> 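Submitted below is the structure of interest, expressed as structure tokens.
Please read these numbers as outputs of a predicted model, since none were measured by experiment. All chains are named by letter (A, B, ...) in the order of the sequence lines, taking the proteins before the strands, and each is independently numbered beginning at 1.
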Amino acid sequence: MEYNYRAIEEKWQKKWSESEAYRVSNDSPKLSYYVLDMFPYPSGAGLHVGHPLGYIASDIFSRYKRLKGYNVLHPMGFDSFGLPAEQYAIETGQHPADTTEKNIKTFKAQLDKIGFCYDWEREVRTSSPDYYKWTQWLFLQLFKSWYNVAAQKAESIDSLIKIFETSGSGGVKQYAGVAFSAEEWTSFSKKQQEDILMNFRLAYSSFGEVNWCEALGTVLANDEVVNGVSERGGHPVIKKKMRQWYLRITAYADRLLEGLNKVEFSDSMKEMQRNWIGKSEGCEMDFRMGGANSIKVYTTRPDTIFGVDFLVLAPEHELVQSITTDEQRKSIDEYLTYVKSRSDRERMAEVKQITGCFTGAYAENPFNGKKIPVWIAEYVLAGYGTGAIMAVPCGDQRDFLFAKHFNIPITNIIGSHFNGNEANPTKEAILENSDFLNGLLMKDAIKVAIEKVESLGMGKRKINYKMRDAGFSRQRYWGEPFPIKWEDGIAVALEESQLPLELPHVEKYGPGPEGEGPLANIESWRNEKLETSTMPGYAGSSWYFLRYMDPKNNQTFCDRKASDYWGQVDVYIGGTEHAVGHLLYSRMWTKVLYDLGFIGFDEPFKKLVNQGMIQGSSRFVYRVKGTNTFVSAGLKDQHETDELHVDVNLVDGMELNMEAFKKWKPDFANVDFIVENEKYICGSEVEKMSKSKYNTVNPDDLVLKYGADTFRMYEMFLGPIEQSKPWDTKGIEGVHRFLRKLWRLFNDDLKGKVWNEEKATDAELKVLHRTIKKIESDTENFSFNTAVSAFMVCVNELGELKCSKKEVLEKLLILLTPYAPHIAEELWSQLGNHGSVLDAAYPVFENKYLVETNKEYPVSVNGKVRTNINISLSAEQSEVEKVVLEDAVIQKWLEGKSPKKIIFVKGKMVNIVI
RNA sequence: GCCCAGGUGGCGGAAUUGGUAGACGCAGCAGACUCAAAAUCUGCCGUUCGCAAGGAUGUGCUGGUUCGAUUCCAGUCCUGGGCACCA
């Protein structure tokens, strides 16, 4: 009987489905465990081999936890709103709902072939109305809440209104606008009151800058802007202010930072989030300009105040127009036009080219009244701090280069620490030329300077964050509509009973008038004064992990009982590309829901595992320019060629299958080849896996050819889960051979059944227990590649021992179940077991089988290993020294000298120093 | 530019707290079985000198700490991910 994986996998997938083996109940006496994958965007290209990497890992871990006796929630769903479906609709006229439905069907079929243990009854789709009903509802909770800084939590906006009614603006700690009394509040018009409240709501509407492309009539992502023009079509793109929705994530900045201390994310992941939040302590200072104007700057280095040689404003700064002198007006206008065409990314990245423009205006140093020229430059961004910086060329390299470039004289306040050739950002220098700060160490002077600034009323201590509030509206169609109506300029929430506010059908998916979303093209929508933008991709994904707990509930987004039972996601698996976006948003939503009492925990994910990206290994062919002849990579330098991606599935290693290539596309039917050694060799490059690069590998083909169990184990065998690597199908044979080898421990192709019920020997039990220990710890540590290799070692050793004993094999099968469930279940039933292996009890490791008495100690002379000597593990230093020095090989290396020192590490090694 | 991660044989990778570098697998070479092939099995397999025994050298690069460094420190180069409207 041979290993017929296709029949076996089909048989057990059917049985598991019939017995509802993966159905999960919220009502179980067992401890709960929640393993979650970042759900996929169902793209039209279908699943490629990169997707399952994390899914297989989480599936293994879920099955492992189930064997360990937990009630495991391991759901899957689809992040099904998004731009690609909309683009596709613009191009083909097909409704995104239809293409999305079709894509999801493909994804599910592909996932099922790999044998995942999902409970599909719990599937969620962000684009389905019974899901986005609750996304809209949650948005309204954000809209109806404010962050009470005094209480350090979100509260209903009603509590804020009550404060205003009783104490006016003085009752609110963080109030920054024009002060008003309780009486004044009641006398305000509805509009005035709402405008004030809008400054507090956690979801609020305000004006913000976007990349605007007039020709396309639409807003573009930074990604879609290249060199100041649109990626599509190459049209000019400018910055434009538009009404937008935002989430007040900055209110949670400190709690998002603190929360990192109680979750298990990798240090680098926490570091990325901390840097994104970018908390810094410093002070704000006013630089007077004569007249009413003054420039407020934010700095973390007030100690360098006497080294300020110029101020730089962001080109968007509100004072730019009013302070520019007539003389400079023309150059400033030209510079502003130039900056408008630049993306934020470009503005920060290019330092080689220093740009800026003098406004003609001067400000005064608040301490000594020194006149300081005011410039504008693109490297200062309006969104950070106050949009204005004080430049200290001797201490900041960018300021230094700017000063050099524009010939601005540099003041040295750090004496010999500044060499005139580059800035020195030290905090350890003693200050000079610094008035009352002279003689102080810089890091001590910071505090002194801030105190002086505050006492003289020139500014105040300030904590600043790099993080900005999150833009929450998109001028697009395929997203959640906002449950908001605009009445006389006031945003009014729809009633809960009106949810879901369903996406209407549109005739065309292109933008509406004035850059509004496609919904603005619908007359009835406009007549009802409904908000015409939609929510961004991350709206639905900010809370989906809660919906899986209670997916069918039509009374609430997730019953409190369900979220109390499952609690936080125990393990969350996904790519680092979501490090700052999705992970911060979902952490914020969770905190809001916690504050408002809807759930009992304020961090969504207890532990995060980052999976690496599987890249594609692209192959290229080289067409001689203007001909239909292709030249092999080794000879391409002799010709002028165009490089073309070729489907990796037509290439074996680097060698092109020329016949298959001719059949690939009609254009290539009659091509000629210039070959080397009768072979056509392709070029190669590692790139992102994508359909357009023809470097995708479809898991279906591999599952068909080798089976799901082989495919699962091979993906794990590729390397550490968190590492990125290019896909290479080559090694899959080895894993397949391993499973066949395992099969032969049970069955012989000719003789049939070979397993038996004999008693296992010590040697066999040693192999088994070493494997139990290794597999258990590797699985716990997500080190699946070494686990697979441990299985291989185990099967190799059992093969050598000719061990086909049920006592040993049965336990091995349980260990293997999470990795290769189909073959494990089949062999488990062949051994005569009645229940499913999915619910077997995990084997218990016993150390007694592994105890050793002796060790082959490596013995080094001056750090170089010269020999191995077998010594008892109980031997102490003196005993070991004696044995070692008597050894012939060691004596030869000693050359008669006596050792200076002998280092002995028990159980490890011996090193002789001479 | 800024933030984060990674560089080990022909290839994917392994190596508890600093303690025998290259486990496991792929590819390759030689052999067994076979009419032949497939499958399977056995041996070899970093580079280099050597008939061999054995030696030298080797974890991106340059230094440092140490009896001992793939592992720790400083610097540097290269690759990948993110940088706020791709998901």
> Strictly under 6.0 Å, is that where the ring centroids of A:Phe402 and A:Phe400 end up?
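No: the rings miss the under 6.0 Å criterion.
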> I need the CG-P distance between A:Leu584 and B:C83, as an integer number of Å.
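A:Leu584 atom CG is separated from B:C83 atom P by 12 Å.
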> Check this for me: A:Asn781, atom CG, are more than 12 non-hydrogen atoms of other residues, nucleotides or ligands nearer than 6.0 Å?
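Check passes, neighbour count above 12.
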> Please work out if A:Met467 contacts a base, only the sugar-phosphate, or nothing of the nucleic acid, heavy-atom cut-off 4.0 Å.
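Touches a base.
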> Go ahead and name the base partner of B:A5; Watson-Crick or wobble counts if both distances stay under 3.5 Å, otherwise write none.
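Looking at the geometry, B:A5 pairs with B:U79.
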> Is the phosphate of B:C26, meaning OP1 or OP2, less than 4.0 Å from a side-chain N or O of A:Arg737?
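The answer is yes; a side-chain N or O of A:Arg737 sits under 4.0 Å from OP1 or OP2.
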> If a protein heavy atom is under 4.0 Å from the base, mark B; if only from the sugar-phosphate, S; if neither, -; do that for nucleotides 7-18 of chain B going 5' to 3'.
-----BSS-BB-
> Determine whether more than 12 heavy atoms belonging to other residues, nucleotides or ligands lie under 6.0 Å from atom CD of A:Gln397.
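Check passes, neighbour count above 12.
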> Only pairs with both distances under 3.5 Å count, Watson-Crick or wobble alike; so what is the partner of B:A36 in this structure?
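Partner of B:A36: none found under 3.5 Å.
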> Atom CD of A:Glu209 to atom P of B:A84: distance rounded to whole Å?
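So the two atoms are 14 Å apart, to the nearest Å.
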> Could you tell me whether A:Trp893 contacts a base, only the sugar-phosphate backbone, or nothing, with contacts defined as non-hydrogen atoms closer than 4.0 Å?
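Touches sugar-phosphate only.
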> Reckon A:Gln615 touches a base, only the sugar-phosphate, or nothing at all at heavy-atom distances under 4.0 Å?
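Here A:Gln615 touches the backbone only, sparing every base.
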> Determine whether the aromatic ring centres of A:Trp743 and A:Tyr3 lie less than 6.0 Å apart.
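A:Trp743 vs A:Tyr3: aromatic centres under 6.0 Å.
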> Rounding to an integer number of Å, can you tell me how far A:Lys239 NZ sits from B:A84 P?
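Nearest whole value for this atom pair: 10 Å.
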> Can you pull out the residues from residues 242-253 of chain A that lie within a 4.0 Å heavy-atom distance of RNA chain B?
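Output list: A:Gln244.
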> Rounded off to whole Å, could you give me the CZ-to-C1' distance for the A:Phe81 and B:A87 pair?
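Spelled out: CZ on A:Phe81 to C1' on B:A87 is 14 Å.
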> Round to the nearest Å and state the distance from A:Leu739 atom CG to B:C24 atom P.
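After rounding, the gap between these two atoms is 18 Å.
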> Output one letter per nucleotide in nucleotides 67-74 of chain B: B when a protein non-hydrogen atom lies under 4.0 Å from the base, S when only the sugar-phosphate is that close, - when neither is.
B-------
> Would you please confirm or rule out a distance under 4.0 Å between OP1 or OP2 of B:A84 and any side-chain N or O of A:Arg468?
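False: A:Arg468 side-chain N/O out of range (4.0 Å or more) of B:A84 OP1/OP2.
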> What's the base orientation of B:G9: syn (chi within 90° of 0) or anti?
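B:G9: syn.
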> Determine the contact category for A:Glu271: base if any of its heavy atoms lies under 4.0 Å from a base atom, sugar-phosphate if only primed atoms, P, OP1 or OP2 are that close, otherwise nothing.
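Sugar-phosphate contact only.
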